[in-house]
There are 2 protein chains.
Amino acid sequence: MKDRTQPDTRERLLRAGEQLFRTQGYAGTGLKQLTQTADAPWGSLYHFFPEGKAQLGAEVLHYAGQLYGAGWQGVFKRYPHPGEAIEKVFLAEITTLTRSDYRDGCPITSVTMDVASTSEMLRAACAAAFDGWLAQIETGLRAAGAPEDAAKALAGFVLSALEGAIVLSRAAKDPAALLQSAKFVRQIIDREAAAWASKTSD
Amino acid sequence: MKDRTQPDTRERLLRAGEQLFRTQGYAGTGLKQLTQTADAPWGSLYHFFPEGKAQLGAEVLHYAGQLYGAGWQGVFKRYPHPGEAIEKVFLAEITTLTRSDYRDGCPITSVTMDVASTSEMLRAACAAAFDGWLAQIETGLRAAGAPEDAAKALAGFVLSALEGAIVLSRAAKDPAALLQSAKFVRQIIDREAAAWASKTSD
DNA sequence: GTCTATAATACGATAGAC
DNA sequence: GTCTATCGTATTATAGAC
């Protein structure tokens, strides 16, 4: 869409990066393993990402940010009631985890843990990905009537609970943390939403 | 306390492991860097941990699990009201993060992201550490009158929100996620606690 | 754009003197 | 128990043919 040189190989490298970062983080992923997973020639890696692993990492973070951001947008469109929409995301994550034998976590969280304190550039890319998701959640909540401040605070809480529950579920190989968190997060949102509804336009 | 050979060096290695895992995960931490940080001789590493990095990693996870577990126990003892106790933990984490320029996250989360899907032994050690914390939170909630099922579900939710908020705060270098999550988590606990109090002994 | 070969370095782990 | 030297191997990155 932007370069017209060899979109296939480049896209496969990004996809493989996203997949491998999800399961073993940034530091734990070798470039050789990455090209093999992507079915891409070794030479192509430095053709598309001449600055090496860090550049590839940053672009994978951007790619994943956009991809999952579209998912947030879609779920709010499908389920206008925000409590239902967000609960669906938690439940969908359970499906993703169980289907992958608890391999497919969140690529942004994984990379954050590895590099937040060793590469300012990659840390900023992680923050940007999270910020994009937070903005989508905020938009979804505002569409349901949430005031600006409440929407921002709730979004941070929702994403925190989701990311943490994914971590605990992966460690335990058990969806309990996601189920438990989904229940309480939904409780909070439904209660807040009722408050927004009672305060109609002034 | 258990071996009486060279407790100092061994303890320093565990402490250095905990510190480095917090900031750069398991895969991102080299054993050379670890011995330097611990001010320990290279030879000592394989003297105390003959099975190498994996054994050291597992023992660091156990060490950190016990250490932070005692912290949970202590905060519930100091603050009998569970909403207050748990809010204190969130706020203390903000202090830890800001004081370390957002380096000192959670060692269990970091290692989980790196190895949950590549080493069954280390994944189990991560799960055991989290389970210990969950048990402490559960105990604190039960002491405040929570029924068994409610305590278990709430504990999973609380720890999920905390771990996720640490991740987001580290990525953003901003305590907002921890503050936002603390507020809603406390709301949930206080509301539940009121329900336990109204249902007195039957 | 692709591919092979390889450079340069860092890694985990071992051996053997002390 | 400590320390140095070192072995393989894996890592990221480059060079140059095609």
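The figures here come from the full heavy-atom set of this structure, side chains too, leaving out hydrogens, waters and symmetry mates. So you know, we letter chains A, B, ... as the sequences are listed, proteins then strands, and number each from 1.
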**Partners passing side chain to side chain donor-acceptor pair (under 3.5 Å) against A:Thr109 (at least two apart in sequence or in another chain)** =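 With sequence neighbours excluded, A:Thr109 shows a side chain to side chain donor-acceptor pair (under 3.5 Å) to A:Glu163, given in chain and number order.
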Proximity to DNA chain C (any heavy atom under 4.0 Å), residues of [range] only:
range: residues 28-37 of chain B; value: B:Thr29, B:Gly30, B:Leu31
range: residues 50-58 of chain B; value: B:Gly52, B:Lys53
range: residues 109-122 of chain B; value: none

Could you check how far [atom1] of [X] sits from [atom2] of [N], rounded to whole Å?
X: B:Leu20; N: C:dC11; atom1: CG; atom2: P; result: 12 Å
X: B:His47; N: D:dT4; atom1: NE2; atom2: C1'; result: 17 Å
X: A:Tyr46; N: C:dA7; atom1: OH; atom2: C1'; result: 12 Å
X: B:Asp39; N: D:dC3; atom1: CG; atom2: P; result: 10 Å
X: B:Leu45; N: D:dG1; atom1: CG; atom2: C1'; result: 13 Å
X: B:Arg12; N: D:dG1; atom1: CZ; atom2: P; result: 14 Å

**Message:** What I'd like to find out is whether the side chain of A:Val158 reaches to under 4.5 Å of the side chain of A:Ile189, using heavy atoms alone.
**Reply:**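 Yes, their side chains come closer than 4.5 Å.
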**Message:** Can you confirm whether A:Phe49 sits close enough to A:Leu13 that some side-chain heavy atom of one is under 4.5 Å from a side-chain heavy atom of the other?
**Reply:**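 Of all side-chain heavy-atom pairs linking A:Leu13 with A:Phe49, at least one is under 4.5 Å.
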**Asked** If you measure from the Lys or Arg side-chain nitrogens to the Asp or Glu carboxylate oxygens, is any gap between A:Glu11 and A:Arg15 under 4.0 Å?
**Response**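 Salt bridge: yes.
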**Request:** Run the salt-bridge test on B:Glu148 and B:Lys152 with the 4.0 Å N-O cut-off and return the result as yes or no.
**Result:**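 The answer is no: the pair does not qualify as a salt bridge.
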**Item:** Reported CD-to-CD distance for the pair B:Gln73 and B:Gln66, which is rounded to 0.5 angstrom
**Value:**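 CD of B:Gln66 is found 10.0 Å from CD of B:Gln73.
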**Asked** Does any N or O in the side chain of B:Lys183 come within less than 3.5 Å of the main-chain N or O of A:Phe157, such that one atom is a donor and the other an acceptor?
**Response**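 Checked: no pair found.
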**Prompt:** Can you tell me if A:Ser181 uses its side chain to pair, donor with acceptor, with the backbone of A:Leu178 under 3.5 Å?
**Reply:**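 The answer is no, because no donor-acceptor pair under 3.5 Å joins these two groups.
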**Item:** Set of side-chain contact (heavy atoms from CB on, under 4.5 Å) partners for B:Ala85, sequence neighbours left out
**Value:**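 side-chain contact (heavy atoms from CB on, under 4.5 Å) list for B:Ala85, sorted by chain: B:Val75, B:Phe76, B:Tyr79.
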**Request:** Please list, chain by chain and in numerical order, all residues satisfying side-chain contact (heavy atoms from CB on, under 4.5 Å) with A:Asp174, sequence neighbours excluded.
**Result:**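 Scan of A:Asp174 (side-chain contact (heavy atoms from CB on, under 4.5 Å), adjacent residues dropped) gives A:Ala172, A:Ala176.
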**Message:** Please pick, from C:dG12, C:dT2, D:dT12, the nucleotide with the shortest atom-to-atom distance to any side-chain atom of A:Trp42.
**Reply:**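 It is D:dT12.
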**Asked** Any side-chain donor-acceptor pair under 3.5 Å between B:Ser117 and A:Arg22?
**Response**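 Absent: no donor and acceptor within the cut-off.
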**Request:** Please check the phosphate of D:dC3 (OP1 and OP2 only) for any side-chain N or O of B:Ser44 closer than 4.0 Å.
**Result:**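 Answer is no, no contact under 4.0 Å.
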